[in-house]
Amino acid sequence: MTFASLMLLGFGFPGAPEMMIVLLIALVLFGGAKLPSLMRNLGRSANEFKRGMAESVDDNDDAASKSEKV
């Protein structure tokens, strides 16, 4: 299915009410004390992922430039 057809079916991006429900469920499941550390670890994971993606792009660029020299 295309993105437009999914939007027509109502499976679009979550809005503010849906995000509030997700946050409320997370608060109930993990509790108020663990939620800050959970979000901190999620942020660290996202930064690590971005750093890894940037390194792989750099590695691909280096490999391409080396193959052009040969």
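Note that the coordinates shown come from a computational prediction; the quantities given were computed from them, not determined experimentally.
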Item to check | Transitive ILVMFWY cluster of Phe49, excluding itself - 4.5 Å side-chain cut-off | outcome: Met53
Side-chain heavy atoms under 4.5 angstrom apart, residues restricted to Ile, Leu, Val, Met, Phe, Trp, Tyr: same cluster for [X] and [Y]?
X	Y	result
Ile25	Met39	yes
Leu42	Met19	no
Ile21	Leu38	yes

Checklist outcome for this item: Heavy-atom closest pair (Gly32 atom, Pro36 atom, distance to 0.1 Å) is O-CD, 3.2 Å
Next on the checklist: With a 4.5 Å cut-off on side-chain heavy atoms, are Arg44 and Asn41 touching?
Outcome noted: yes
Item to check | side-chain contact (heavy atoms from CB on, under 4.5 Å) involving Leu27 - partner list, sequence neighbours excluded | outcome: Leu35
Checklist entry - Taking only residues two or more places apart in sequence, or in another chain, which ones meet Arg40 in a side chain to side chain donor-acceptor pair (under 3.5 Å)? => result none
